[in-house]
Amino acid sequence: MSEADGLGAYRGKRHFDRTKEPSGERTQRRGADAADADATGAADAGGAGGEPAFVVQIHDASTMHFDFRLEVDGVLKSWSVPKGPSTDPQDKRLALPTEDHPLEYETFEGVIPEGEYGGGTVIVWDHGTYRPNSHDKKKRPVPFAESLEHGHATFELRGEKLRGQYALTRFHGREERSGGSSGKPTWLLVRTKAGPGPSGGGTPDPRRARSALSGRTLRQVAEAPDAPTWDPDDDGRSDTRNGRSGTRNDRSGGQRGRRGEQSGERR
C-alpha cells in the first residue's frame, strides 16, 4: 500500500480549510528510508538516532481518550486507548485501531473545531522513539509491520514519560469470530515486566496531565490554543498575556513538567 493510499481515510474525514490538523503532504519525508530499514527487520528511519517515532495524545472529543501512535512505513499507525497506556504490567488496556495518520501529526496540539471529525482539544502527553523487538519462533527479528499483521508486536518505548517494554496483541471479539459484519479487531496494549523503565504508576488523570511539548493542560490549550508554553510563575495566565514569546515546540514547558513529575507534581 502506498503512503497516499494509507492516508486516504484520514484525509477523507477532514476539511483542511477548517482544521489545523496536518494534511500529510510532507509525510513522505522519511517514508522511503523507513521502508528500507523495516525490510531488514530494523527500526524505521525516523525519530532521533534513526529510530521510529511514537506519540501519545490526549483527545478531549465526544469522549475523553488517549491516542497511541507508532511510526510504521511512513505513517503513524494509530489506536484509540480509552483508559490510556499504563506503566503497570497488571493493566491490560483496550486499544481500538483507527485510521493511519501522517507523520506530522506527531507534534499536533490544539483545538479541532466543533463540527469537524474528532472535534475537541488535543495535547501531546508523551512522545519519543521506540525500538521494535519482535522475533519469530526461531528468535529471528521480524519486520515491525509484519509483526502487526500477524497480530502481536513487541517494542521498547523511549519517551519522556513512557519507557520500557510494551506489547500490542490483537484478539477477536465474539462477533468477529462468528463472522459478523460489524465485528472489528481489537487490541490490547500492555506494559510487559521485562526491560528498564518505571512501572506501577498506572495512567494520569487526563484533565490534570500536562503536555510534553508545551507543559499545558487540556483546559489551558482549549482556552488559548496559540499560547505555546506554560510558565509555572504565571498563575495560570497564558504566555501571550505577558508578552512572552516562543514556539509550540519550545521544550521548556516539557522540561518543567518533567521536573514537576519527579517532585510529585501532577503529570
Side-chain angles (χ1 to χ4, degrees), residues 1-7 10 22-57 66-79 81 85 87 95 97 99-109 124-136 138-150 152-169 187 189-192 194-198 211-213 247-252 254-255 258:
M1 178 182 293
S2 69
E3 293 168 22
D5 293 336
L7 293 177
Y10 170 86
S23 65
E25 293 178 357
R26 292 179 290 129
T27 200
Q28 296 184 1
R29 73 185 188 271
R30 325 197 275 247
D33 291 340
D36 291 342
D38 197 47
T40 66
D44 297 6
E51 294 184 341
F54 87 91
V55 63
V56 180
Q57 287 155 314
F66 291 68
D67 288 310
F68 183 76
R69 312 189 197 279
L70 297 171
E71 179 184 352
V72 183
D73 288 349
V75 297
L76 292 174
K77 293 290 184 183
S78 301
W79 292 260
V81 184
T87 59
E99 73 276 10
D100 295 345
H101 282 53
L103 297 179
E104 298 97 307
Y105 217 93
E106 177 191 350
T107 57
F108 175 72
E109 184 166 287
V124 174
W125 177 67
D126 194 19
H127 64 163
T129 63
Y130 74 96
R131 173 173 290 182
N133 53 24
S134 295
H135 294 78
D136 62 16
K138 295 183 178 180
K139 305 299 182 181
R140 295 174 300 192
V142 176
F144 196 69
E146 182 178 328
S147 66
L148 286 174
E149 289 179 4
H150 292 165
H152 181 70
T154 58
F155 47 94
E156 179 186 347
L157 294 181
R158 300 177 174 185
E160 297 182 12
K161 301 170 184 176
L162 297 177
R163 296 179 295 278
Q165 302 290 332
Y166 282 77
L168 273 166
T169 303
W187 296 69
L189 175 64
V190 180
R191 163 75 191 273
T192 63
S211 164
L213 291 184
T247 64
R248 187 167 62 190
N249 289 331
D250 184 276
R251 308 308 288 271
S252 60
Q255 292 168 351
R258 291 194 296 278

Tell me if a side-chain donor or acceptor on [X] pairs with a main-chain N or O of [Y] at a distance below 3.5 Å.
X	Y	result
Glu71	Pro52	no
Ser147	Val142	no
His152	His150	no
Ser78	Arg69	no
Ser134	Phe144	no
His101	Glu99	yes

Of all the heavy-atom pairs spanning [X] and [Y], show the shortest one and how long it is.
X	Y	result
Glu104	Glu25	OE2-N, 3.9 Å
Pro102	Leu7	N-CD2, 3.5 Å
Thr192	Ala167	CG2-CB, 4.1 Å
Glu160	Ala212	OE1-CB, 3.7 Å

With a 4.5 Å cut-off on side-chain heavy atoms, are [Y] and [X] touching?
X	Y	answer
Gln57	Val124	yes
Leu76	Leu103	yes
Arg191	Leu162	no

Exercise for the section: Dump the intermediate steps for side-chain contact (heavy atoms from CB on, under 4.5 Å) on Tyr130 and Tyr166, then the final yes or no. Expected result: CA-CA 10 Å; Tyr130 74 96; Tyr166 282 77; over 6 Å; no
Practice task
Step by step, work out the side-chain contact (heavy atoms from CB on, under 4.5 Å) result for Tyr10 and Asp100.
Solution key: CA-CA 7 Å; Tyr10 170 86; Asp100 295 345; over 6 Å; no
Handout entry: Ring center gap for Phe155 and Phe54 short of 6.0 angstrom
Key = no
Handout entry: Inter-residue atom distance Glu106.CD - His127.NE2, 0.5 Å rounding
Key = 7.0 Å
Practice task
Any chance you could measure His135, atom NE2, to Asn133, atom CG, to the nearest 0.5 Å?
Solution key: 6.5 Å
Exercise for the section: With side-chain contact (heavy atoms from CB on, under 4.5 Å) as the test, would you mind laying out the steps for Leu70 and Leu168 before giving the verdict? Expected result: CA-CA 11 Å; Leu70 297 171; Leu168 273 166; 3.9 Å; yes
Practice task
Look at the aromatic rings of Phe68 and Trp79 and report parallel, tilted or perpendicular, splitting at 30° and 60°.
Solution key: tilted
Handout entry: Mutual orientation of the aromatic rings belonging to Phe108 and Tyr105 [parallel < 30°, tilted 30-60°, perpendicular > 60°]
Key = tilted
Practice task
Might you work through the side-chain contact (heavy atoms from CB on, under 4.5 Å) test for Phe66 and Asp126, ending with a clear yes or no?
Solution key: CA-CA 11 Å; Phe66 291 68; Asp126 194 19; over 6 Å; no
